[in-house]
Participant: 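Just dropping this structure here.
Excluded from the calculations below are hydrogen atoms, water molecules and symmetry mates; all remaining heavy atoms, backbone and side chain alike, are included.
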Amino acid sequence: DFVGRFASRAIGPMQTLLIMAGVSALVLTPIALAGDIRALWEPQTLGLTIIAALTTTVGATLLYKSLAHGPLGIVVPVTSSYPLVLVLIVLVIGALSLTLNLLLAMAAVIGGVWVVARAGSKTNYHERHAQGTIRHGMLLAALAAIVFAIAIFLTELAVRRSGEAEVLWLSRIIGFGILALVLFLRQDFKKMSMRMLWLLALMGGVDTIGFLALFTAQGAGETAIASVASAAYGVVTMVMARVFLKEPVKPMQWLGFAIVVAGAASLTLLST
């Protein structure tokens with residue numbers, strides 16, 4: 001995400017994701033073809049995968065728009081709260097049972113995000129840290145969290161019918177096609193350096209590993225809990241923003257994010 005922030009500002013979120021999706025599809029091709037992809041072509045599995053790919057593309061675009069907009073100290077904690085939406089979805093469908101401890105853990109994550117946003121909204125950011133209003137950045141991040149949670153839920157349903165590598169492979173191919181078509185119609189391709197291309201290729205590889213790891217949980221409830229644990233990724237992003245971008249981060253923002261991570265860790269422990 002830290003690298004994605006620079007890439008999205010330089011060439012746009014869609015072109016950034018286009019290259020990442022292309023790399024991911026290439027990486028997953030030998031893995032997917034080595035398995036059994038026949039289940040992918042079953043109507044229900046194919047339909048779920050297509051819808052999941054569309055939703056993932058929209059969610060990822062919103063995510064990278066929010067990262068480009070910034071500041072990272074606010075948008076990252078908000079996007080990191082996406083597992084809460086996923087947990088709520090699986091609670092509604094009955095894949096998880098709501099307990100007091102689970103409710104308190106979810107409240108900690110939500111409360112932590114609120115603390116971060118509240119403290120950050122009173123901070124004066126340089127234009128290199130935030131492009132536009134903080135409220136706009138938070139809105140983009142919140143939309144990304146909601147759409148991304150739905151995308152993970154749909155992908156997980158498809159994975160249970162086929163396999164994680166196979167579904168992600170087809171999803172990335174579909175996503176690549178959607179992004180390429182939109183960029184072609186908009187004539188919005190931008191020149192980029194070879195260094196940028198290599199960085200995006202690395203991002204595509206890391207993105208692939210992360211998603212494969214997430215969906216090996218297998219099962220709506222398990223994937224929801226695994227996604228909550230993954231919310232701690234934002235700590236690294238915020239530290240890098242503070243160290244390399246000199247982005248102001250108030251003590252209350254660190255405290256708020258610590259609460260988010262504690263809530264996520266509690267959800268993981270409660271699932272065992």
Participant: Going by heavy atoms in the side chains, are Phe215 and Val167 under 4.5 Å from each other?
Facilitator: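 No. Closest side-chain heavy atoms not under 4.5 Å.
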Participant: Taking the side chain as everything from C-beta on, heavy atoms only, tell me whether Ile19 gets closer than 4.5 Å to Met196.
Facilitator: no
Participant: Is a side-chain donor or acceptor of Gln15 paired with a backbone partner of Lys190 at a separation under 3.5 angstrom?
Facilitator: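 Such a contact is found between Gln15 side chain and Lys190 backbone.
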Participant: Using salt bridge (Lys or Arg N to Asp or Glu O under 4.0 Å) as the criterion, list what pairs up with Arg195, not counting sequence neighbours.
Facilitator: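 Checked Arg195 against salt bridge (Lys or Arg N to Asp or Glu O under 4.0 Å); zero matches.
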Participant: Could you check whether any side-chain heavy atom of Leu18 comes within less than 4.5 Å of a side-chain heavy atom of Met14, counting everything from C-beta outward?
Facilitator: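 No, every pair of side-chain atoms sits at 4.5 Å or beyond.
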Participant: Mind checking whether Val85 and Leu54 sit in one hydrophobic cluster, side chains of I, L, V, M, F, W, Y counted as touching below 4.5 Å?
Facilitator: yes
Participant: Does Val182 share a hydrophobic cluster with Val147, counting links as ILVMFWY side-chain heavy atoms below 4.5 Å and allowing steps through other members?
Facilitator: no
Participant: Does the side chain of Leu140 reach to within under 4.5 Å of the side chain of His136, using non-hydrogen atoms?
Facilitator: yes
Participant: Would you call Leu63 and Tyr82 a side-chain contact if the rule is heavy atoms closer than 4.5 Å?
Facilitator: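 Side chain of Leu63 against side chain of Tyr82, heavy atoms only: no contact under 4.5 Å found.
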Participant: Restricting to non-hydrogen atoms, name the atom on Val78 and the atom on Met138 that form the minimum distance, rounded to 0.1 Å.
Facilitator: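 Closest pair (atom of Val78, atom of Met138, distance): CG1-O, 4.2 Å.
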Participant: So, for Thr45 and Ala158, which heavy atoms are closest and what is the spacing to 0.1 Å?
Facilitator: CG2-O, 4.1 Å
Participant: Distance from Thr55 atom OG1 to Ile50 atom CD1, nearest 0.5 Å?
Facilitator: 11.5 Å
Participant: Can you get from Leu104 to Ile259 by hopping between Ile, Leu, Val, Met, Phe, Trp and Tyr side chains that sit under 4.5 Å apart?
Facilitator: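 They do not share one cluster, since no chain of ILVMFWY contacts under 4.5 Å joins Leu104 to Ile259.
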Participant: For the atom pair CD1 (Ile209) and CG (Leu212), what is the distance rounded to the nearest 0.5 Å?
Facilitator: 8.0 Å
Participant: So, for Ser66 and Ala141, which heavy atoms are closest and what is the spacing to 0.1 Å?
Facilitator: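 Shortest heavy-atom separation between Ser66 and Ala141 comes out as CB-N, 3.7 Å.
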Participant: Roughly how far, to the nearest 0.5 Å, is the CD1 atom of Ile11 from the CG atom of Leu17?
Facilitator: 9.0 Å
Participant: Can you list, pair by pair, the side-chain donor-acceptor contacts under 3.5 Å of residues 21-38, counting residues two or more places apart and other chains?
Facilitator:
residue	atom	partner	partner atom	Å
Ser24	OG	Thr208	OG1	2.7
Thr29	OG1	Ala25	O	2.6
Thr29	OG1	Trp169	NE1	3.1
Asp36	OD1	Arg38	N	3.1
Asp36	OD1	Arg38	NE	2.9
Asp36	OD2	Arg38	NH2	3.0

Participant: Could you measure the distance from the OG atom of Ser162 to the CG atom of Leu48? Nearest 0.5 Å is fine.
Facilitator: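 So the gap between those two atoms works out to 11.0 Å.
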Participant: Can you measure from OG1 (Thr57) to CG (Leu179) and round to the nearest 0.5 angstrom?
Facilitator: 5.0 Å
Participant: Considering all heavy atoms of both residues, which atom of Arg161 and which atom of Ala39 are nearest to each other, and what is their separation?
Facilitator: O-CB, 3.5 Å
Participant: Treating Thr79 as the side-chain partner and Val76 as the backbone partner, does any N or O pair qualify as donor plus acceptor under 3.5 Å?
Facilitator: yes
Participant: Start with the C-alpha distance between Ile93 and Phe153, add both sets of side-chain angles, then the distance that settles side-chain contact (heavy atoms from CB on, under 4.5 Å), and finish with yes or no.
Facilitator: CA-CA 11 Å; Ile93 67 172; Phe153 176 71; 3.6 Å; yes
Participant: How many angstroms lie between OG1 in Thr56 and CD1 in Ile152, if you round to the nearest 0.5 Å?
Facilitator: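 The CD1 atom of Ile152 is 8.0 Å from OG1 of Thr56, to the nearest 0.5 Å.
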Participant: For a quick test of reading the model, state the closest non-hydrogen atom pair linking Pro13 to Tyr64 and the distance between them.
Facilitator: CB-CB, 3.8 Å
Participant: Could you check whether any side-chain heavy atom of Val75 comes within less than 4.5 Å of a side-chain heavy atom of Arg5, counting everything from C-beta outward?
Facilitator: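 No, their side chains stay 4.5 Å or more apart.
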Participant: Please say yes or no: joined through hydrophobic side-chain contacts below 4.5 Å, possibly via intermediate residues, are Leu62 and Val3 part of one cluster?
Facilitator: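 Not linked; separate clusters.
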Participant: Please name the pair of heavy atoms, one in Asp207 and one in Met20, separated by the smallest distance, quoted to 0.1 Å.
Facilitator: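 Reported closest heavy-atom pair: CB-CE, 3.9 Å.
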Participant: Could you see if Leu154 belongs to whatever hydrophobic cluster contains Ile89? Use Ile, Leu, Val, Met, Phe, Trp, Tyr and a side-chain cutoff under 4.5 Å.
Facilitator: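 Hydrophobic grouping puts Leu154 with Ile89.
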Participant: Mind checking what makes side-chain contact (heavy atoms from CB on, under 4.5 Å) contact with Val206, not counting sequence neighbours?
Facilitator: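 Only Leu202 meet the side-chain contact (heavy atoms from CB on, under 4.5 Å) criterion with Val206.
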